[in-house]
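Beneath this line is the structure, given in structure tokens, with notes to follow.
Nothing fancy with the numbering, it's 1 onward along the sequence.
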Amino acid sequence: MVTESTPGRRRGDDLEHAIFDAALAELAEVGYANVRMEAVAARAKAGKASLYKRWPDRARLIQAAARYKATEVEPTFEPSGDLRGDMRKVMRHIAAQQATPFGEAIRGWIGELQSTPDEVTEDLRTRIETPRIRIFAKIYEDGVARGTVKPEALHPRVVNLAPGLLTHYFLTRAESATDEVIEEFLDHILMPLIAADGGTERMEEP
């Protein structure tokens, strides 16, 4: 863990992004409970005052870093027509992201929800959840058009189920879902619920 501070000359977005990257790197190294503003400042080669000027405490800094990284979480995705394969691909991507410092930031943020302003909570939730929901909605809409997905699968609660399962597993197990767990989610919960054939036809691993 870095312990010495060297003020830098970066300003504006460049400085903020360097601080966010430093905060997430510190988070990965020491865990949320041990993150210290002084150590983040040193790692970012920024003055400690520049952190406290923007964020009054560790929780606000980590929340801001999570919002910054949330825009990088989800790739552009177009359905291939392989319903199960597409879902598996996106779920693996989400699980992989949860295994990064970004995931650790989200876990720390969840732990301090009571002290987080509602507008910050809603903003972060929107940045993380909305892109994922849109991807699954796109997969399901494509499946409905192809006749492989039940129309009722487009209900918002159903569309959000796959990322919700991954998030619940991540938060309660303190680790991201393995490929085996993802396969179980697909075979025993998701495909039987949404597939027009009841999920009885499992596609082969590509």
_If we ignore hydrogens and angles and just use 3.5 Å, is the side chain of Ser50 paired with the main-chain N or O of Ala46 as donor and acceptor?_
no
*So does Arg36 pair up with Glu26, basic N to acidic O under 4.0 Å?*
no
_From CG (Leu166) to CD (Gln98), nearest 0.5 Å_ = 6.0 Å
*Would you say Leu190 and Arg84 make side-chain contact, with heavy atoms under 4.5 Å?*
no
*May I ask you to decide if the ring planes of Phe20 and Trp55 are parallel, tilted or perpendicular, using 30° and 60° as cut-offs?*
tilted
*Minimum heavy-atom distance Met91-Ala162, with the two atoms named*: SD-CB, 4.3 Å
_Closest approach of Ser176 to Ala99 (non-hydrogen atoms, all atoms of both residues)_ = OG-CB, 3.6 Å
*Below 4.5 Å, heavy atoms only, C-beta onward: do Tyr52 and Asp57 meet side chain to side chain?*
no
_pair Glu152-Val158: side-chain heavy atoms closer than 4.5 Å_ = no
*Ion pair present between Lys89 and Asp86, side-chain N to carboxylate O less than 4.0 angstrom?*
no
*Distance, nearest 0.5 Å, that separates NZ of Lys138 from CD of Glu78*: 4.0 Å
*What distance separates Arg60 CZ from Leu51 CG, expressed to the nearest 0.5 Å?*
14.5 Å
*asked:* For Gly143, is there any backbone N or O sitting under 3.5 Å from a side-chain donor or acceptor partner on Thr148?
replied: yes
*Quick one: do Leu61 and Ile19 satisfy side-chain contact (heavy atoms from CB on, under 4.5 Å)? Show the steps, please.*
CA-CA 9 Å; Leu61 171 58; Ile19 292 171; 3.8 Å; yes
_Lys48 side-chain N/O to Met37 backbone N/O, donor-acceptor pair under 3.5 Å_ = no
*Non-hydrogen side-chain atoms of Val90 and Arg132 separated by less than 4.5 Å*: no
*Given side-chain contact (heavy atoms from CB on, under 4.5 Å), test Leu83 with Met191 step by step and report yes or no.*
CA-CA 9 Å; Leu83 174 61; Met191 292 300 290; 3.9 Å; yes
*Could Arg134 and Glu141 be called an ion pair, given the rule that one side-chain N must be under 4.0 Å from one carboxylate O?*
no
*Could you walk me through whether Arg54 and Leu15 pass the side-chain contact (heavy atoms from CB on, under 4.5 Å) check?*
CA-CA 11 Å; Arg54 293 167 172 80; Leu15 176 59; 3.5 Å; yes
*To the nearest 0.5 Å, how far apart are CD1 in Ile182 and OG1 in Thr178?*
7.0 Å
*asked:* Using side-chain heavy atoms (C-beta onward) and a distance below 4.5 Å, is Ile94 in contact with Phe170?
replied: no
*Would you indicate whether the side-chain heavy atoms of Val159 and Tyr140 approach each other to under 4.5 Å?*
yes
*Could you tell me whether the side chain of Asn34 and the main chain of Val30 form a donor-acceptor pair under 3.5 Å?*
yes
*Identify the two heavy atoms, one from Ala196 and one from Gly147, that lie closest to each other, and give their separation to 0.1 Å.*
CB-O, 3.3 Å
*Report the distance from atom CG of Leu24 to atom CD of Glu29, rounding to the nearest 0.5 Å.*
13.0 Å
*Just how far is it from atom CG of Leu193 to atom CG of Leu161, taken to the nearest 0.5 Å?*
6.5 Å
*Lys150 side chain near Ile194 side chain, heavy-atom distance below 4.5 Å*: no
*Please walk me through it: do Ile139 and Phe77 pass side-chain contact (heavy atoms from CB on, under 4.5 Å)?*
CA-CA 9 Å; Ile139 293 172; Phe77 185 88; 3.7 Å; yes
*Is a side-chain donor or acceptor of Thr100 paired with a backbone partner of Gln97 at a separation under 3.5 angstrom?*
yes
*With side chains defined as the heavy atoms from C-beta onward, is the minimum distance between Arg88 and Glu183 less than 4.5 Å?*
yes
